[in-house]
Amino acid sequence: MLLPHLSSALLAALVTLPAFSIAGKPLDVSFPERPPESALKNIVDDNFIGISWELSSFDTLWGGTVKTIPHAMQNYLHNVAVRMSKPLRIRIGGNGMDGSTYVPNLSKFLEHTDPDAYFNDIPVNFGPIMFDVMNAMYDIVGPMQFIIGLSMRHPHETANVVKLATDAEKAFGDRLDAFLLGNEPDLYAGHGERDAYDIDTYVSEIGDVVDDLRDAGLLERKIIGGPTICCGWNLSTILDAGLDQYPYKYYTIQRYPLHNCGGPNEKNTNITYFQAPVNVGPYLNWQQEGMAKAQANNVPVLLTEYNSVACGGSNISNTFATGLWAVNVGLKAASVNYTSVYLHTREHGIQYNLFDPPTPETSMEPGWTTGSTYYAALFLAEMTDPTGSVVVDLNLNNSNSDPASRVAAYGIYDKAGTSRGKLALLNFADAKDPGQTATQVYRIPGGIADSVQVRVLTAPSKLETRNISWAGQTVGENGALLGMQQTIRKDCADGCEVEIPSPGGALVLLGGSSQFFTGNSTIAGIGGYLAGAASQSYTMASSWSLAALLGCLLLTFW
């Protein structure tokens, strides 16, 4: 296996169409000058991608105190945040938070209260140190906007919920984006949380909690989100039942295409599902009727939690195929009227995690591992523009209807949809599969841009879990992007061809005022972790020197 640091040399060779490459039949990419009128209804900000966190493991990822915030997490978050002009979206919630208790005088971040808890619903006690750590991370990394879950499991006992909301609002101020009332209430009855629970009961109880929050002075601005359904209820039905009478800032849903709640099976371990773009539309469009009503009422819809396989993932959840799928979901979601999407991460060892410390107890040390979905976050952070973007699915090679199609393409319009900005090109084929080619050629017609800049997301195969790179860089054990950042420039006045590895994806910047992020986004070194540890600058410089040497040797032998 090639070292990750060789990605720059590999990408340069691949994208410039070397003579020895075996490429598939070229595909013509049509990018209309203007998006359809219907697409202009959903203009997304450049903080479209967010990160969702399960409460029960939050302290092991962000640190238990303001003095023990892991350097790796500082880098992980800054890598994404620096690629945006607006605050990075952070959501804290999950089933565990819905069953947890806020303890205002707790002397530590959180404490687990049930050693025998079901691993998909871990309750904790947590205190205001959580707010301190989040604010400290904000001050280190840069602007963020926080969403906090509020429980609806016991809606007639709201004192704790109101106290949590009051203290969070006081601690965060305008850093607080929203409260989510309840998490997956459509599963309350099935999980034994509530008896004979239905939508009418839920909406009535929402009214009671809203009244209590208003009485506490917490609704001076729109700050409520929900219903955060996942599985059994329809947003449209809930709105019709009366939810639309309340001052919601967001309507929220969350969704996984598959689950592993009963253990591995043929369906949740089928990587082919994630390679077929045709599956993404039905996965995201399950609430289209309700989303249309939300849009008519000018209420944004957020996908506050998504990833590959619910209940902790399966053996394919950490592969490059699912990382590339997560990119496709983000692009498709922007094209079908979602305002933002949040990739979900959980406790150590969960197979779909964006990142993991060496152990839950050693998050202050180097040795972190990076999941494939983190690379999806990097890609999606660069696909939008500060001026507002409109994303259109170009249905390349009938990707929306043909189960055999392994490609997808999206046109991204800048300046609120008035000018062509980028193309996102995805190739889900794997050269190691029978009958597949090493690369796929995408032909961009002339007259769109005098020149283009290309950044590539790639890995050796769909099953790869570590040797993944974005724009020639891979993520090291301290959350830092290692290797030389690479952007390939091509003349395109008369048209040009972009070749994407199998598998892989690319963002193609079409000139204009928009630019990719350039520079080093690392903000924390490893020197502060362990006595005698080498500095991050030395480690990175050494890695780059090794990469350059090996890259030259590789190209020489080629």
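Quick note: residue numbers are just sequence positions, from 1.
- Checking Phe517, Trp470, Tyr374 one by one against Phe379, the ring pair (Phe, Tyr, Trp, His ring centres under 6.0 Å) holds for a single residue, Trp470.
- Enclosure of atom NE2 in His348 by more than 12 non-hydrogen atoms of other residues, nucleotides or ligands within 6.0 angstrom is indicated.
- At a threshold of 4.5 Å between non-hydrogen side-chain atoms, the residues Val390 and Ile412 do not count as touching.
- The nearest pair of heavy atoms linking His71 to Ala524 is CB-CB, 3.6 Å.
- Aromatic rings of Trp325 and Tyr283 (six-membered ring for Trp) have centroids within the 6.0 Å cut-off, being under it.
- Pro35 has its side chain within reach of Leu40: a pair of non-hydrogen atoms, C-beta onward, lies under 4.5 Å apart.
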inquiry  = Before you tell me yes or no, could you show the steps for Tyr413 and Phe31 under ring pair (Phe, Tyr, Trp, His ring centres under 6.0 Å), namely the whole-Å CA-CA distance, both residues' side-chain angles and the distance that decides it to 0.1 Å?
reply    = CA-CA 10 Å; Tyr413 297 84; Phe31 191 3; 5.0 Å; yes
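- The structure places CG of Asn79 at 11.5 Å from CD of Gln74, a figure rounded to the nearest 0.5 Å.
- Using cut-offs of 30° and 60° for the angle between ring planes, the Trp368 and Phe355 rings count as perpendicular.
- Distance CG/Leu354 to OG/Ser52: 10.0 Å, rounded to 0.5 Å.
- Minimum interatomic distance between Leu426 and Gly505 (heavy atoms only, all atoms of both residues): CD2-CA, 4.0 Å.
- Atoms CD and CD1, from Gln473 and Ile468 in turn, are 14.5 Å apart once rounded to the nearest 0.5 Å.
- Here the straight-line distance linking atom CG of Leu510 with atom CD of Gln453 works out to 10.0 Å at 0.5 Å rounding.
- Side-chain contact between Asn95 and Met97 is absent, with no heavy atoms from C-beta onward closer than 4.5 Å.
- Applying the disulfide bond (SG atoms under 2.5 Å apart) test to pairs two or more places apart or on separate chains, those with a residue in residues 420-493 are Cys492-Cys496.
- In terms of the salt bridge (charged side-chain N to carboxylate O under 4.0 Å, His left out) criterion, residue partners of Glu305 (sequence neighbours excluded) are, by chain and number, Arg91.
- In this structure, CG in Asp177 is found 11.0 Å from CD1 in Ile90, a value given to the nearest 0.5 Å.
- Annotation: side chain of Val80 is not in contact with side chain of Leu380 (no heavy-atom distance under 4.5 Å).
- Counting all heavy atoms, side chain and backbone alike, Val278 lies closest to Asn400 at CG2-O, 3.5 Å.
- In this structure the side chain of Asp385 never reaches within 4.5 angstrom of the side chain of Asp46, judged on heavy atoms.
- Nearest heavy atoms, Asn183 versus Thr228: OD1-CG2, 3.8 Å.
- Counting only heavy atoms from C-beta outward, the side chains of Pro300 and Tyr251 never approach each other to under 4.5 Å.
- In terms of modelled atom types and a separation under 3.5 Å, the side chain of Asn42 and the main chain of Ala39 share no donor-acceptor contact.
- Other residues, nucleotides and ligands contribute at most 12 non-hydrogen atoms within 6.0 Å of the CD atom of Glu289.
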ask   = Hey, mind stepping through Glu33 and Arg420 against side-chain contact (heavy atoms from CB on, under 4.5 Å) and telling me if it holds?
value = CA-CA 7 Å; Glu33 185 176 0; Arg420 288 179 289 209; 4.0 Å; yes
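- Residues Asp393 and Lys332 are paired through a salt bridge, judged by an N-O separation under 4.0 Å between the basic side chain and the carboxylate.
- A heavy-atom distance below 4.5 Å is found between the side chains of Leu258 and Lys267.
- Between Thr369 and Arg466 the shortest side-chain heavy-atom distance falls below 4.5 Å.
- For Arg255 and Trp286, the positive end sits near the middle of the six-membered ring, less than 6.0 Å away and at most 45° from its axis.
- Asn260 and Cys311 make their closest contact through C-CB, 3.7 Å (heavy atoms, listed as atom of the first residue, atom of the second, distance).
- With 3.5 Å as the limit, one finds no donor-acceptor pair spanning the side chains of Glu499 and Gln440.
- Sorted by first and then second residue, the salt bridge (Lys or Arg N to Asp or Glu O under 4.0 Å) pairs with a member in residues 449-462 read Glu382-Arg455, Asp433-Lys462; sequence neighbours excluded.
- Using cut-offs of 30° and 60° on the angle between ring planes, the pair His344 and Tyr352 is tilted.
- More than 12 non-hydrogen atoms from other residues, nucleotides or ligands lie less than 6.0 angstrom from NZ of Lys86.
- Counted by atom type alone, Tyr442 and Asn427 present zero donor-acceptor pairs between their side chains at under 3.5 Å.
- Few gaps surround CG on Asp28; more than 12 heavy atoms of other groups in view lie less than 6.0 Å from it.
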